[in-house]
Amino acid sequence: MSKYEPKEIESKWRERYEEKKLFQADRDTGRKKFFLTVPVIYPNGFLHVGHLYTWTRADIYARYMRMRGYNVLFPQSWHFTGGPLVGMQLKIKNGDQKVIKDLQDSGISEKEIDDFKRSPLNIGTFFTKNLKKDLSAAGMSIDWRRTFSISNSPYFSKFVSWQFNRLRDAGLITQNTHPVIWCPREDTPLGDHDRASGEGESPEEFSVIKFKHEGMVLPAATLRPETVFGATNIWVSRKGGYKKVELEDGEKWIVSESFSNKMKYQLIKLKKVEDFDVGSLIGKRAENPVTGESIPILAEDFVDPSITTGVVMSVPMHAPFDYIGWEKVKEEDEKMYKKPKKVIEVNGEGEIIQEVIRVYGKNTSGLREATKALYKKEFNSGVMNSSADGLDGMSVKEAKLKIVDMLKEKAAYAVIYETSGEVICRCGARGVVNLLENQWFIRYSDKELKEKAIKAVENMEIFPEEARAQLLNFVYNVEDKAAARQGGLGTPLPWDKDWLIEPLSDSTLYMAYYTIAHILERLNISEVDDELFDQVFLGKEIKHKLATEVKLMRDEFEYWYPLDLRVTAKELLTNHIVFFIMNHIALLPKDKWPKRLGINGWVTMDSIKMSKSKGNTLTIRKAVEEYGADGSRLIASGSNGMDDVDWSSDNIKALYQRMELLMDVLEAKEGFGQESRLIDRYLASMKESIIERTTAEIEKMNYRNSLFNSFFQATDILKSYLEFGGRNWSEIEGFISVVLKLNHPFFPYITEELNRRMGNVTLLEEGGWPDTPGTGIDILIENEVQVLKNTVSDIRNLMKLLKITPKEVRIGISDEAAFSVYNAIVEASKNTRDIKEIRKALPAESETVKKLLKSPDKIPQSNLAFKYEFDLFTQSKEYLENTFKAKVTVEVEHEGKALPGKPSIRLS
RNA sequence: GCAGAGGUAGCGAAGCGGUCAAACGCGUAAGGCUUAGGACCUUAUGGCUUAGGCCUUCGAGGGUUCGAAUCCCUCCCUCUGCACCA
């Protein structure tokens, strides 16, 4: 048994590839080009095999296209923009043990960690260096000469500035307010990764309805303003302090102390703040601005003064908490407390409020669930009833919009923001919503841009096809995107240097930058300006000081662009991919728009998505160490489309085992000869069939199907060939050589090694993809081998059934006449399954005809050949005798049980 | 709710109008190989069956067809996304 040692062999080939600079792609107008990219990497940790999945999918395509003769450019770069690197630096500096321990655990030295404290860039450069090593070790055929770091390259910053200036020229930049979650202590935006808890929470818009009480406003915050018709009372809390605040316009609001502190973040300016005894309100009454009703003000424990205003309107029939509250107070004060009424009807539901409370229970978490369920139900299928004066018969969705107008008209409406759940900063402070003023947006909502984008997506090639509908939906719904922020790393907005362009917005067009990076970054930075980029990317007349270089870059861009394939995981479909497409459309002419997308799912480990936060990662480094690059790359064949795939080391073992089978065959070369048999045709035919199928699948990035054919099927077929007595070395050699080529994109090293062991001197890169005219495909022999396999299994069945071990197996093959009847029936049945019709096509009635036409729906669709069937069985006698340890005779049967494709079997 | 995907043997997963009782893999069982175990190889794995047969299956129910896991209708269920977070 020849054991394969990935480590040595892989590094041997890697060195050779590097020496020969096989992955460096230069402009070559004599060759067709293929340009593909994967997203830039955020270098704040090691990559895991979840990432490897995406990269390998791209690399396979790169290698495939290279074998097809294309000049393939596959570059890779880094993304430093935003908060994570800065955040990590701060955490290390502050001695965050978890972060430090993680770094130590992944083998990073104290000296390096110390280095990280000094600058976030040190972290980035450390990881870029190491990640580059890991990706190369995993066999990525990347041209590293064109690499850059977004937010760590002044040249790239010039490029982004140019991009934003041009977006602004096109009227696609606008300014507006924008809510973000904010740490009031550190006075910075509070991104997910900076949170001790509350990951995924986002700002939520609340309506404030102004209830009036003695010249003061009780601002009740709600997500469901349409239920105001059913308000029975106002709740406040006894737990927190309240304030009376005076707004700029003179309105006096009673709000919780906590809210009074947050109002400045919501751009509500306060003239005066004074303590207020909320107890003095209890039992008093407030006026509902919509209905004019006077309702009591009561205290209730479930009101949390730290959320929104600390003032809540009670709508018992539409809010489980309120319902429970009402049940408590209704006895006490019957006369001041009117009976609650329903204002929303849900078709087919009766007392829905009681129902949800019954189902979910009366404890706090139950009521929370009940609230969610009720909101969902009423929002989606609720209709306002006659208690909602003016909105009667309107769906809740409509009513929600309408009530806002009504409230505005009565000057009883305001908007505030609150976090959708509790967010705690790592510094310990509770996050608030900050309504940022003058935030810069990219206007992705622009109608013309959207229309173009939709057309572009419709015309793009997308693998898998399912992703298209989703993507169209996202493009259709995309809104303006806040494009700049304060803090972190990034390129300043060219016209407003206080703002830094945020990570999703500075990485929409960088694929174009790859085409020129290696030239641009050699120039004198002070000479790199907007005109230069206009001339390179937009084809403006070249009259730059650096005209020679500009011309060079223009040529590069013209040669390499458009981007032929973008490969990403599915989570980027909703944001990055949309922005990427729209920026291309906004800035570049149509012939430079992206052509193809490849979307994939995630990698799971025991069915849980692999991610750093879940702690179930296997780094690329470790995977390659343990399983070899080829073995690790097997992950790419996990799925055809966007399905998630599970990391399985069992499959990797199976891969190497099968590869070793090929090695064994190669080593046994001396045992084979030139003897030519019928089964050779089978191997030759299957070789071409496999080429055809594999090519069709790999072309569409259906790697699961592709590998199934090119490797697992192929090795099975070779096994069958040998079993059935195939001995022709040149057939075997030709077959294995094709198998190696077809699998080279997946497993570059081991295929390269085996190719060498076959005595081939040329590298597979130069060998080319094994195209086939398909003329060698002989479907008859493929069918007949199947007949042989079926017959073997039938014999086994019979032996079991009869409980005998035969001394002799006699196999009867139908005569030639029967085969021509059979084929005539097959042909005829392609047009009709009407037995009478089929009979018409046959020369004469016979036993064979009768048997074959017994059940017309069972007539196979494949033709058979007498000569093949007879010869195949005859030539396989040795194999059959070995298998059954019995004498085997094969004879032609003129009258008997035998049917074409179903030889008769007699055991004795 | 909207949008997308999907429900197939113990499990994972193909098949998407006709050799389908359903590829392939895992699991399980038997045999071989081994001192033994593992690995590996072979075979079996819906039910019944002493000559290759029959019966019931592809979420449920209807329909179209000579023929349906595959097409159409209705229903039930599951998963993913609905953003400004990288």
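Throughout, protein chains are lettered first and strands after them, A, B, ... in sequence-line order, and every chain is numbered starting at 1.
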Distances under 3.5 Å between nitrogen or oxygen atoms of protein and nucleotides 26-31 of chain B:
none

Table of protein N/O atoms under 3.5 Å from nucleotides 5-15 of chain B N/O atoms:
from: B:A13; atom 1: O2'; to: A:Arg704; atom 2: NH2; distance (Å): 3.0

At a cut-off of 3.5 Å, list every protein nitrogen or oxygen paired with a nitrogen or oxygen from nucleotides 16-21 of chain B, distance to 0.1 Å.
from: B:G18; atom 1: O2'; to: A:Ile859; atom 2: O; distance (Å): 3.4
from: B:G18; atom 1: N1; to: A:Arg833; atom 2: NE; distance (Å): 3.1
from: B:U19; atom 1: O4; to: A:Ser862; atom 2: OG; distance (Å): 2.3

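Between the CG atom of A:Leu472 and the P atom of B:C2 there is a distance of 19 Å, rounded to whole Å. Here B:G25 presents its C1' atom at 13 Å from CG of A:Leu707, a figure rounded to the nearest Å. Atom pair A:Lys570:NZ and B:A83:P shows a separation of 18 Å (rounding to whole Å applied). In this structure, A:Asp794 atom CG and B:G53 atom C1' are separated by 11 Å, rounded to whole Å.
For the P atoms, the distance linking B:U34 with B:A23 amounts to 33 Å, nearest Å. When the P atom is used for both B:G12 and B:G4, the distance is 26 Å, rounded to whole Å. Using atom C1' as the reference point in both B:C40 and B:C33, the two lie 8 Å apart (nearest Å). The P atoms of B:U45 and B:C20 are separated by 16 Å, rounded to the nearest whole Å. For the P atom pair drawn from B:U8 and B:C79, the interatomic distance equals 14 Å after rounding to whole Å. A distance of about 33 Å separates the C1' atoms of B:U50 and B:G67, rounded to the whole Å. Of the C1' atoms belonging to B:C76 and B:G59, the separation is 8 Å, rounded to the nearest Å. As rounded to the nearest Å, B:G7 and B:G15 have C1' atoms that lie 15 Å from one another.
Relative to the side chain of A:Lys481, the nucleotides B:U42, B:G81, B:C84 differ in distance, and B:C84 lies closest. Taking every side-chain heavy atom of A:Asn473 into account, B:A3 is the closest of B:G81, B:G25, B:A3. Comparing B:C24, B:C84, B:G52 against the side chain of A:Ser904 picks out B:G52 as the nearest.
When the side-chain hydrogen bond (donor to acceptor under 3.5 Å, both in side chains) test is applied to A:Glu465, the partners found at least two apart in sequence or on another chain are A:Arg468. Applying the ring pair (Phe, Tyr, Trp, His ring centres under 6.0 Å) criterion to A:Tyr656, with sequence neighbours excluded, gives A:Tyr4. For A:Asp480, the side-chain hydrogen bond (donor to acceptor under 3.5 Å, both in side chains) criterion is met by A:Ser445, not counting sequence neighbours. Among residues two or more places apart in sequence or in another chain, the side-chain hydrogen bond (donor to acceptor under 3.5 Å, both in side chains) test is passed with A:His51 by none. Looking at residues two or more places apart in sequence or on another chain, you find no ring pair (Phe, Tyr, Trp, His ring centres under 6.0 Å) involving A:Phe474. Scored by the side-chain hydrogen bond (donor to acceptor under 3.5 Å, both in side chains) test, A:Thr508 finds A:Gln163, A:Asn583 as partners (sequence neighbours excluded).
In this structure, A:Lys789 does not pair ionically with A:Glu784, as no charged nitrogen and carboxylate oxygen lie closer than 4.0 Å. Between A:Glu697 and A:Arg704 no salt bridge is recorded (no basic side-chain N to carboxylate O distance below 4.0 Å).
A pairwise comparison of heavy atoms in A:Leu597 and A:Leu471 identifies CD1-CD2, 3.6 Å as the closest pair. Nearest approach of A:Ile442 to A:Leu167, heavy atoms of both residues: CD1-CD1, 4.2 Å.
Counting any heavy atom pair closer than 4.0 Å across all strands shown, A:Val478 reaches a base atom. Among the heavy atoms of the strands, none lies under 4.0 Å from A:Phe712. Residue-level contact check: A:Glu479 touches the bases, meaning some heavy atom is under 4.0 Å from a base atom.
A residue-by-residue look at A:Pro203 and A:Phe708 shows that A:Phe708 has its nearest nucleotide of RNA chain B further toward the 5' end. Nearer the 5' end of RNA chain B, as judged by each residue's closest nucleotide, is the contact made by A:Met642, out of A:Asp716 and A:Met642.
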Whether each nucleotide of nucleotides 43-51 of chain B has a protein heavy atom under 4.0 Å at its base (B), only at its sugar-phosphate (S) or at neither (-) is summarised, 5' to 3', as S-----BSB
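Note: A:Phe127 and A:Tyr42 fail the aromatic proximity criterion, with ring centroids not under 6.0 Å apart.
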Would you please test A:Ser710 and A:Thr694 for side-chain hydrogen bond (donor to acceptor under 3.5 Å, both in side chains) and show each step? CA-CA 6 Å; A:Ser710 68; A:Thr694 303; 4.6 Å; no
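Judged by atom type and distance alone, A:Gln657 does not reach the base of B:A39 through any side-chain donor-acceptor pair under 3.5 Å.
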RNA chain B in dot-bracket form (Watson-Crick or G-U pairs under 3.5 Å, [ ] crossing, | inter-strand) is ((((((((.[[[..)..(.....]]]((((((.......))))))(((....)))...[[[[[..)....]]]]])))))))....
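Atoms CD1 and OH, on A:Ile813 and A:Tyr868 in that order, are 15.5 Å from each other to the nearest 0.5 Å.
Using a 30° and 60° split on the angle between ring planes, A:Tyr703 and A:Phe746 fall in the perpendicular class, above 60°.
Each salt bridge (Lys or Arg N to Asp or Glu O under 4.0 Å) pair with one or both residues in residues 710-721 of chain A, not counting sequence neighbours, appears once here: A:Arg658-A:Asp716.
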